[in-house]
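What follows is a set of notes on a single structure, which appears directly below.
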Amino acid sequence: MIQKKVCIFGASAVGKTSLVNRYVAGIFNDKYLTSIGVKIDKKIVKLNDNNVQLMLWDIEGIDRYSGFNRKFIRGASVAIVVVDQSRIQSFQDGLEITRMLKQEQEIPVILVINKSDLPPADAWHSILENESPSLFEAQLQTSAKQNTGVDNLFFDVAKISLNHT
Amino acid sequence: MLASLLQELNILDCAVMVKNQDNSYRAIHSNTTWFSAIFPRGLNGEVTPENNNSVYLTDFLYDANKFWTSNLDGRINSGIWSEQTSVGLWRLEASAITQDDKKYLVIINLENEYNIRQSTLQLARELLISNDKVLEQHELIYKRIESLTYNLSNKIDLHSPIKELMEHCEFGIAMIDANMQPLAQNPALFHIFDIRENDSIAPIDIILDLCHRQFPEFQRVLNTQKKWNSEIYWIKPDTVSRWLHITICPVKDINTKLTYWLLLVTDISRVKYLQQSNEKLTYFDVMTDLPNRQFFWQSLENAMTRNSSLFVLQINIKHIKRINEAYGYAAGDEVIKTVVARLKPIIGEQSILARLGGNEFAIILYKSNEEECELVAKRLINAACEPINIINQNTCKIGLSIGASHYQNDVISAQELMRNADLAAFFGRDKKNQSIHFYSEALRLQSLRRIELEAALRVAIEDKQFELFLQPIYDLQSGNVIKAEALIRWNKPNQGLILPDEFIPIAEQTGLIVAIGQWVIKESIKLLEILHKQNIPITLSVNLSPIQIRDQQLLGIITNSVTKSEIDVASFLELELTEGVLVDDFETVQVFLTAVRKLGITIAIDDFGTGYSSLSYLQKLPIDHLKIDRSFIQELSIGHNQNAIVLAILAMAKSLNLGVIAEGVENETQQEFLRQNSCQSAQGYLFSRPLSFKQFINASDHWSTENKRPFSTLLNKENSE
């Protein structure tokens with residue numbers, strides 16, 4: 001079976017852990033509980049001819065209390081950058097993280113716009129359009145709360161990871 | 001060995017493995033349930049970490065092997081990770097250690113540390129997110145109001161959609177004009193401050209007062225018309241206190257002229273109080289590790305309940321702004337830390353030193369009388385004012401102004417005690433020397449007088465109670481009047497003329513100088529036009545204060561006034577600045593002076609010789625004249641030393657091709673000395689005191705017939721008439 005390392009980055013409280021929990025365990029908790037360090041979960045995605053085991057590295061939110069650790073990206077096939085559409089600042093942070101990732105390693109980065117159940121922040125769409133979407137291999141909307149777009153996300157991740165050795 | 005290692009690591013819930021020569025591992029301490037889940041043992045009980053069940057640990061072993069290969073004593077850590085095993089969820093951290101040629105792999109269960117860190121960061125991150133949301137809300141409202149008012153004039157129609165938006169907004173909004181007078185304040189803002197719309201005090205007064213008190217940089221923000229946000233703490237004694245997030249944004253018109261300020265206020269008390277479960281975040285200043293304002297308040301209230309004799313010292317570190325501007329904020333922070341390190345040993349264990357914010361500190365000092373307190377204060381000043389090394393081998397010096405208030409003698413409440421110390425510190429803030437001031441009744445009355453004057457000044461600006469007097473400046477060779485210095489006077493109703501010495505310092509402190517300065521420029525140009533129409537083609541010299549130089553509107557006002565004039569006003573306008581202005585903010589001044597010089601306006605340095613010794617700016621800036629300070633001129637007839645200084649200034653001016661004006665000439669000896677040593681021009685009571693414009697015009701009738709000292713003669717005639 002093919003194993004692929006997938007790193008999940010983003011600012012604090014954008015829903016990285018919620019996405020993984022929803023996808024791996026099918027659960028969601030509305031209460032925000034900050035993650036510390038790294039937690040790795042595994043899940044097999046069935047593609048046409050292959051079973052791909054995704055090793056999902058859920059990495060502590062990057063902010064003033066926890067910086068970007070370049071060693072996490074080592075050996076990763078795909079990076080996911082999660083942003084919260086109700087907070088513009090999370091998108092700015094996501095862009096910064098993506099730039100750091102690209103500097104470290106040429107790797108496909110998927111932008112995940114989470115919390116699609118909430119109304120987007122004012123000017124969210126114009127900022128999203130203007131601010132360099134070309135950085136991303138793909139862009140998807142999800143709601144871990146409503147379980148929309150989550151399976152699709154990891155299915156796409158698995159497909160993209162196969163194209164990246 | 002193991003015992004000492006574990007003791008050194010200060011852990012017991014851990015697994016320790018030694019790496020053998022053949023790259024296998026031997027577990028020397030592993031009595032843990034989680035260890036077995038992660039490391040399935042071989043038949044002989046050997047451990048093979050490379051075959052462990054943890055993906056994270058496997059990844060770390062890559063780094064660990066590289067580290068061990070280096071053979072250097074030391075340790076690298078994996079960082080904390082969560083490991084889900086068949087027997088539970090574990091919070092672990094691995095370390096690769098080399099010690100005395102032995103290589104260890106240590107894995108520690110950090111459950112407790114994880115929980116502590118999680119609860120700390122949970123609060124900190126909630127605060128961070130909350131702060132982001134507040135900023136985003138403020139930005140949104142700012143943009144909406146800015147777009148609604150973009151094409152409007154200064155007069156805001158409060159029946160417009162703006163008013164509707166303000167009224168329905170859930171956080172406080174105020175609009176303030178360029179003179180900091182309120183144009184509108186929404187109901188939410190009144191609600192935050194627990195006051196009614198017809199109360200004597202308005203929310204905006206409280207906010208501006210708090211901002212000025214708690215943030216030394218606030219005036220600079222206003223002067224430079226920058227967007228700014230911060231958190232302020234407001235207490236309504238005995239009833240309520242609130243943490244408020246403040247954003248202040250300049251709203252400018254199409255010509256980038258400031259139309260008004262928008263002030264946005266959100267109550268963030270709830271989030272702040274959440275922090276209280278984390279004492280370190282709540283009560284200590286991150287930069288200096290000193291107690292913060294909240295800790296200080298609590299300590300002060302506790303100390304007062306013990307009824308012991310104590311002083312509250314409010315300390316302001318001077319010149320930090322200058323250091324920040326010259327060397328950057330990191331250097332300013334280092335200076336503050338150095339000063340704190342010097343102050344702490346002096347006050348001793350029992351007293352409390354706290355950082356109130358910015359460059360403001362406070363001390364609770366247990367002393368019984370003023371003499372003892374003053375002794376400590378002087379030691380603080382001496383220690384703090386020693387030169388401080390900063391980046392690139394530069395040194396700088398700071399100053400301290402200390403205000404002190406005595407519990408038992410002066411006050412009854414902590415608020416009053418702090419207010420009094422603040423008042424005393426404020427009194428010393430403008431003094432050049434390092435100083436301590438004790439709060440007293442006289443000081444309070446003086447302060448009241450200041451407050452009254454400030455209020456009256458605001459009225460004076462609106463009612464145009466100012467008048468320009470002109471003091472003639474003489475060409476010492478020809479005896480002709482070639483210039484006049486415009487000097488402001490305040491015709492205060494029922495009180496008569498008030499001299500600038502009394503009201504200009506207050507105007508500078510309150511920022512009112514900007515409006516006054518603008519009026520002076522416009523009025524001077526108006527007077528120049530009248531003079532020239534009456535065939536009196538002289539130059540008018542106008543004083544500029546340091547704050548005016550930073551007024552971004554000033555250049556526009558001068559340019560507009562000069563270009564609109566029917567005559568070539570610029571060629572007959574001179575601006576006077578003091579040396580301190582040039583040194584304090586060289587780049588701003590350089591840009592400003594270059595621009596006004598392009599218009600044809602000349603520049604003079606006022607009070608020359610009393611300021612800084614560095615004269616390099618004389619060559620770098622477009623300066624035309626030096627005005628020798630009156631203190632040197634007054635001593636001319638007495639001491640040879642002063643003669644030498646004046647001669648040196650004249651020689652230097654000659655070599656730099658600058659004109660010289662002597663100020664404060666009062667007798668013939670001084671005039672003769674100046675004339676003999678080629679000083680071109682002079683002003684002073686020997687020639688004329690400052691005259692009202694009408695007197696000046698009358699006096700000019702006689703200029704063509706009188707040669708020398710016509711003004712003193714004329715003035716005497718006028719006064720006797």
Side-chain angles (χ1 to χ4, degrees), chain A residues 3-7 11-15 17 20-21 24-25 31-42 53-67 69-76 83-93 115 118 120-124 126-127, chain B residues 38 53-64 66-67 76-85 89-94 110-144 147 278 281 286:
Chain A
Q3 285 191 336
K4 292 290 178 183
K5 176 176 175 181
V6 177
C7 289
S12 312
V14 291
T17 304
V20 174
N21 286 344
V24 175
K31 188 181 180 303
Y32 166 55
L33 183 64
T34 191
S35 300
I36 305 294
V38 176
K39 185 168 184 289
I40 301 167
D41 283 283
K42 300 169 195 170
Q53 185 176 51
L54 297 181
M55 322 283 271
L56 301 172
W57 285 51
D58 176 15
I59 296 162
E60 180 174 352
I62 294 170
D63 56 21
R64 73 172 71 162
Y65 306 108
S66 174
N69 190 338
R70 64 182 63 186
K71 78 174 185 186
F72 291 149
I73 196 74
R74 182 176 58 212
V83 299
D84 167 0
Q85 74 162 358
S86 69
R87 274 164 51 215
I88 284 177
Q89 187 57 43
S90 74
F91 179 65
Q92 308 289 5
D93 295 339
K115 305 197 187 180
L118 297 178
D122 192 73
W124 172 267
S126 61
I127 287 173
Chain B
I38 296 174
N53 293 330
S54 168
V55 174
Y56 190 85
L57 185 64
T58 303
D59 190 79
F60 173 65
L61 282 173
Y62 176 84
D63 295 322
K66 264 173 74 175
F67 170 70
I76 60 164
N77 296 327
S78 68
I80 204 162
W81 87 96
S82 301
E83 189 70 50
Q84 183 72 58
T85 70
L89 179 67
W90 308 97
R91 316 296 188 179
L92 305 173
E93 184 172 45
L110 289 181
E111 187 69 30
N112 289 339
E113 287 81 351
Y114 183 97
N115 290 337
I116 292 166
R117 194 167 154 194
Q118 189 178 46
S119 89
T120 305
L121 283 179
Q122 180 80 23
L123 290 167
R125 285 179 168 147
E126 278 174 8
L127 186 69
L128 208 63
I129 293 159
S130 168
N131 186 54
D132 280 356
K133 282 186 177 164
V134 168
L135 284 176
E136 278 178 20
Q137 282 176 338
H138 283 190
E139 184 68 20
L140 170 65
I141 292 292
Y142 167 49
K143 292 287 176 201
R144 280 193 187 157
S147 66
N278 186 315
L281 280 176
V286 178

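Every chain is numbered from 1 and lettered A, B, ... according to where its sequence line falls, protein lines coming before strand lines. Since we're looking at a predicted model, the values are computed, not measured.
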Find the one option among A:S12, A:G61, A:A11 whose heavy-atom pairs under 4.5 Å with chain B are most numerous.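 Ranked by contacts with chain B, first place is A:S12.
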
I'd like to verify something: which residue of A:M55, A:K39, A:K71, A:R74 has the highest number of heavy-atom pairs under 4.5 Å with chain B?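 Going by pairs under 4.5 Å, I would pick A:R74.
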
Side chain [X], main chain [Y], donor-acceptor under 3.5 Å:
X      : Y      : value
A:E60  : A:I36  : no
B:E111 : B:W90  : no
A:Q89  : B:I129 : no

In terms of ring plane angle, is the pair B:W81 and B:Y56 parallel, tilted or perpendicular, where the classes change at 30° and 60°?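 Aromatic pair B:W81/B:Y56 classed parallel.
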
Given heavy-atom pairs under 4.5 angstrom as the criterion, report whether the side chain, backbone, both or neither of A:S35 touches chain B.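 For A:S35, the backbone is the part near chain B, not the side chain.
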
What part of A:F72 is in contact with chain B, defined as an atom under 4.5 angstrom from a non-hydrogen atom: side chain, backbone, both or neither?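 Just the side chain, heavy atoms under 4.5 Å.
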
